[in-house]
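For reference, positions follow the sequence shown, starting with 1.
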Amino acid sequence: MKRPSFHQSLFAACLAVALSWLPAPQASAAEPCYGRFPNPFTDVCWKCVFPISIGPLKVDMGMEDAGDSVPLICTCPAPPPVFVRIGFGAGFWEPARVAEVVRTPFCSPLLGGVTLGSLAAPSGTNAKTSDRRDAFYHVHWYVYPLLAWMNLLTDLACVTPESFDILYITEVDPLWEDDELAFLINPEAALFANPITQAACAADCVAATVGFPLDPLFWCAGCQGSMYPIDGNVKHHEGGVDSSLLLVQRMAAKLHRQFIARDTSSRGAMCMPLPLPILRKTQYKTQMLYPVPFTLNAQPFGRVTIPWGAGREFPVRGEDWAYLIWRKKACCAF
């Protein structure tokens, strides 16, 4: 069994200390949980695997691309007596994770509407009135290795051998519920709490809408607003689709900050994923799976939702979301 890394052990220790200082949350009333198992054939945008690159050669099928270009010939460390493995550079988009954004604690739309647990946790809200516009959602992050399941691109030795698992749930994380506690892992948020830096997010919105977001503006979530605070509180809630996509981006940033998510899209990560504490936004795309699948394409982080988001939020069964997370993969294949 693989031992936890130093960073994972440190986070677990800090989380335990934070939990010991918090009052126990009040149990929420049981609420219905709705969902639907995604159909891997009809609910997944399989052409979103493209562009596929082999060195400078690229087949794009009309799909957008980001990340570092890959060299034709590459080398990686290998165990003795070989020491060096020679291969060719390959790049593609991998459907590797699923993010759920839910109001009811432990509700899982991805698993057909089952409840994952019964621990006391605050329920989500999505107020949108004349004098109040805020929201709070929980997020679940799953390992969802579709390419390995479908046995696609596995011959390239670039698909990570993973199995389905729950990687992170925010119901047991006090940092997700409180802006001040979230400051512990993103103290740089104080630098961006001003009108000038927030105005720069307009440029990020434009860039994401016509292509991909701007990685240097890591405090921006494109057209969805500000990446900070990295928790489940949305201060300017306008609609569930935008708020859920904002929290997907925040969760990705949070997982990178906690060294749980890694860099898979740069030349330096072609041999193995590398730690990346600041989110590289161009590494990811999202595709809605629930409540209404959208299969025409996958959307880069921060892109405006007006062209495709209509009708994808509705009462009762349409107020929780599940997104397939596509990440760019650059590797040294052999």
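Of the N and O atoms on the side chains of Ser244 and Tyr323, at least one donor lies less than 3.5 Å from an acceptor on the other residue. Between the side chains of Asp179 and Asn233, at least one donor N or O lies within less than 3.5 Å of an accepting N or O. Side-chain contact of Asp173 with Tyr168: a donor-acceptor pair under 3.5 Å is present, judged by distance alone. For the residue pair Tyr228 / Glu188, a side-chain donor-acceptor distance below 3.5 Å is found, with atom types taken as modelled. Between the side chains of Gln299 and Gln287, not a single donor N or O lies within less than 3.5 Å of an accepting N or O. Defined by atom type and a distance below 3.5 Å, a donor-acceptor pair is missing between the side-chain atoms of Thr75 and Arg85. A donor atom on one side chain and an acceptor atom on the other are found under 3.5 Å apart for Glu100 and Ser108.
Taking the ring axis of Trp93 as reference, the NZ or CZ atom of Lys285 stays within 45° of it and closer than 6.0 Å to the ring centre.
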CA sep, side-chain torsions, deciding dist, call: Cys331, Cys271, disulfide bond (SG atoms under 2.5 Å apart): CA-CA 6 Å; Cys331 70; Cys271 296; over 6 Å; no

Criterion side chain to side chain contact (heavy atoms under 4.5 Å, CB included) on Phe106 and Ile169, from CA distance to verdict: CA-CA 8 Å; Phe106 298 103; Ile169 55 176; 3.8 Å; yes

Pair Arg280-Asp68, salt bridge (Lys or Arg N to Asp or Glu O under 4.0 Å): steps then yes or no: CA-CA 12 Å; Arg280 191 181 193 185; Asp68 293 354; 2.7 Å; yes

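Classification of the Phe301-Tyr284 ring pair by plane angle, with boundaries at 30° and 60°, yields parallel. Aromatic ring orientation, Phe164 versus Tyr142: parallel (interplanar angle below 30°, classes split at 30° and 60°). Ring orientation note: the planes of Phe218 and Phe192 are nearly perpendicular, at an angle over 60° on the 30°/60° scale.
A continuous path of Ile, Leu, Val, Met, Phe, Trp and Tyr side chains, each step under 4.5 Å between heavy atoms, connects Val316 with Tyr290, placing both in one hydrophobic cluster. Hydrophobic clustering of Ile, Leu, Val, Met, Phe, Trp and Tyr side chains at less than 4.5 Å, counting indirect connections, keeps Val143 apart from Met272. Leu110 is not connected to Val292 by any chain of hydrophobic side-chain contacts under 4.5 Å among Ile, Leu, Val, Met, Phe, Trp and Tyr, and they are in different clusters. Grouping the Ile, Leu, Val, Met, Phe, Trp and Tyr side chains by contacts below 4.5 angstrom, directly or via other members, places Trp149 with Leu324. Under a hydrophobic clustering in which Ile, Leu, Val, Met, Phe, Trp and Tyr are joined whenever their side-chain heavy atoms come within less than 4.5 Å, directly or via other members, Met288 and Leu247 fall into the same cluster.
Residues satisfying the side-chain hydrogen bond (donor to acceptor under 3.5 Å, both in side chains) criterion with Thr282, sequence neighbours excluded, are Asp215.
A salt bridge is absent between Arg327 and Asp263; no separation between the charged side-chain nitrogens and carboxylate oxygens falls under 4.0 Å. Using a cut-off of 4.0 Å between Lys/Arg side-chain N and Asp/Glu carboxylate O, Asp231 and Lys254 are scored as not salt-bridged.
At distances below 3.5 Å, at least one donor-acceptor pair connects side-chain atoms of Asp178 with backbone N or O atoms of Glu180.
Aromatic rings from Phe41 and Trp46 are positioned such that their centres are separated by 6.0 Å or more.
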